[in-house]
Amino acid sequence: MDRKDVGILAMDIYFPPTCVQQEALEAHDGVSKGKYTIGLGQDCMAFCTELEDVISMSLTVVNSLLKKYQIDPRQIGRLEVGSETVIDKSKSIKTWLMQIFEEYGNTDIEGVDSTNACYGGTAALLNCANWVESSSWDGRYGLVVCTDSAVYAEGPARPTGGAAAIAMLIGPNAPITFESKLRGTHMAHVYDFYKPNLASEYPVVDGKLSQTCYLMALDSCYRRFCSKYENLEGKQFSISDVDYFVFHSPYNKLVQKSFARLYFNDFLRNCSSVENDAREKLQPFSDLTSEESYQSRELEKVSQQLAKHFYEEKVQPTTLLPKQIGNMYTASLYAALLSVIHNKHSNLEGRRVVMFSYGSGLSSTMFSFKLQDGHDSFNLSNIVSVLNISKKLESRHVFPPEKFVENLKLMEHRYGGKDFETSKDTNLLSPGTFYLTKVDSMYRRYYNKVGDDIATGKIETTPVENGH
Ligand code: ACO
């Protein structure tokens, strides 16, 4: 079996059509103007109403990907879900998705859910890619789903929410190919963001600590990544060797700071990517301990200014969806990848994209993709036309902040509940979207699909043989 160029063959994203503008939220929350839009760098935030959740979003996106790429559900051999939104402490989201495959007689699908804050999607992706590269691969596709609804209690973290699900088809001869030897990982025990209260959907979060942990993990992963590259290639690695950097994006300001941090790392490593005049400006910070460097506002400011032209070129094209949708937890990183594919698809052949995945608690990995012309329907242009991002963004319904808060209150009340029915008002949902209809007295959840008149997850994919 051909297992060359293993990576992502196809992608699709679903995000709720309901959102709130960050500017309106600033006024509603009584914070200073610009705090969420400039201070956090966010434009808009998607959220689930009572009709949607991580299960419905993942059903919608998997169904949509299979249909749009004409994939026969029998061709899926592994399905992994990354999520940190807990609906059931035992039953995986993957088992929900099995409805789609059972209907085609395919129950022979390995994999369950992976959970560690925003990192679960990356764990799922690495598992699937490793499976395709392994001796247990049976020639079928892997499928990875990242699905999360990020909601926070009232306070400074609330504007950093969001919601989406992303599906990725994994196999050989991919247009988005892993550079498998280039990975740097950093894992540690910290309490920066966690969800110990099982009666609430909201996390406990130490915002400032989470920012520092993110940057420490980034430094560590980048150093390991560079040293692996240098051992393999026998030459120094720097940001100049990368066309696009894709970061996990809780909010855009942290992405700006992260890229500046990589630039500072290149300065400390004496790389030619840092020009002489920039070197002079960074010199005063060269003796800071790492701890001091994370706290230095001046270093943050200077390195962001110096790295700005590189940021515009290598990072800005990745920021569209995370700024428009907000933090999608496990899906955030892959929404940023989709953004650069959307913005630059005609000019990506041979480009290197370096990804940084961070999940609080903490787990983090930096890894690399090479982009190339694909085969058959698996190519970057097809991903762009399937995504139809501009239309999806334009057709959203903007809710006033009061309605958003009201919705959160209803969800707080419903969380972990049983014996209720939803409004089933699907006016805002497009055909093919799954939605929650009720939770019965045994906590069993029921979903329907817009356009179906019967209450099942019946899918419309035409079975087409599409193997390797
Ligand atoms: N105009 C422009 N900028 C402003 C304004 C204004 N009117 N007011 C404040 N700001 C800036 C601040 O200067 C600051 O920017 P800086 O970091 O460059 O200095 C920024 O807005 C944020 O303001 P703060 O007062 O520093 O922070 P706040 O108390 O609002 O909390 C935080 C921000 C910590 C990100 C909070 O939203 C949070 O806890 N979010 C969840 C945790 C998180 O996302 N962590 C990231 C990694 S973990 C994960 O992915 C979940």
Side-chain angles (χ1 to χ4, degrees), residues 22-43 45 82-85 115-122 146 148-164 186-188 190-195 201-219 221 246-261 293-305 307-308 311 319 322-323 325-336 355-365:
Q22 292 285 2
E23 202 177 338
L25 205 55
E26 283 170 358
H28 173 268
D29 292 354
V31 300
S32 56
K33 192 169 166 47
K35 180 163 184 193
Y36 301 163
T37 47
I38 300 164
L40 297 175
Q42 291 300 108
D43 295 332
M45 176 167 56
S83 181
E84 62 161 284
T85 310
T115 299
N116 190 95
C118 308
Y119 186 84
T122 298
C146 305
D148 270 306
S149 163
V151 282
Y152 290 92
E154 206 178 323
R158 182 156 275 182
T160 62
H186 176 81
M187 305 240 176
V190 283
Y191 273 126
D192 60 332
F193 164 114
Y194 46 110
K195 294 181 175 165
E201 200 175 355
Y202 300 143
V204 173
V205 54
D206 183 337
K208 300 288 169 209
L209 178 64
S210 75
Q211 291 165 324
T212 308
C213 288
Y214 182 111
L215 295 175
M216 282 168 65
L218 176 68
D219 280 355
C221 287
V246 177
F247 295 92
H248 165 56
S249 178
Y251 51 93
N252 179 256
K253 178 63 87 56
L254 191 56
V255 171
Q256 296 171 32
K257 291 183 187 184
S258 298
F259 183 71
R261 190 78 205 175
S293 75
Y294 298 120
Q295 306 311 329
S296 168
R297 305 285 294 164
E298 196 51 27
L299 167 61
E300 211 173 77
K301 206 169 101 199
V302 171
S303 54
Q304 271 187 67
Q305 273 162 3
K308 196 167 186 310
Y311 176 87
T319 59
K323 285 177 76 149
I325 303 176
N327 193 356
M328 298 150 259
Y329 289 159
T330 53
S332 276
L333 177 68
Y334 301 97
M355 312 278 290
F356 175 64
S357 182
Y358 177 82
S360 292
L362 67 82
S363 318
S364 61
T365 298

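Numbering of ligands and ligand atoms starts at 1, following listing order.
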Option with minimal heavy-atom separation from atom 44 (O) of ligand 1, where the choices are S249, C213, P250: P250

Heavy-atom nearest neighbour in the protein, as seen from atom 3 (N) of ligand 1, with distance rounded to 0.1 Å: G39 CA, 3.3 Å

The one among K301, K208, R297, R158 that brings a heavy atom closest to atom 27 (O) of ligand 1: K208

Part of V31 with heavy atoms under 4.0 Å of ligand 1, whether side chain, backbone, both or neither: neither

Under-4.0 Å heavy-atom contact between protein and atom 12 (C) of ligand 1: no

Option nearest atom 17 (O) of ligand 1 (shortest heavy-atom distance, choices Q304, K253, K257): K257

Check: H248 N/O within less than 3.5 Å of ligand 1 N/O: yes

Ligand 1 contacted by Y36 (non-hydrogen, < 4.0 Å): no

is_close_aromatic(Y214, F193), centroid dist under 6.0 Å: no

Backbone of T37 reached by a side-chain donor or acceptor of E26 within 3.5 Å: yes

Contact check: K33 vs ligand 1, nitrogen or oxygen atoms, below 3.5 angstrom: yes

Per-atom contacts, ligand 1 versus S32 - under 4.0 Å to a heavy atom: 5 (C), 6 (C), 7 (N), 8 (N)

Backbone or side-chain N or O of S360 under 3.5 Å from ligand 1 N or O: no

Any N/O pair Y358/ligand 1 closer than 3.5 Å: no

Ligand 1 N/O within reach of Q211 N/O, cut-off under 3.5 Å: no

Location of contacts on D192 toward ligand 1, heavy atoms closer than 4.0 Å: neither

S210, any N or O under 3.5 Å of ligand 1 N or O: yes

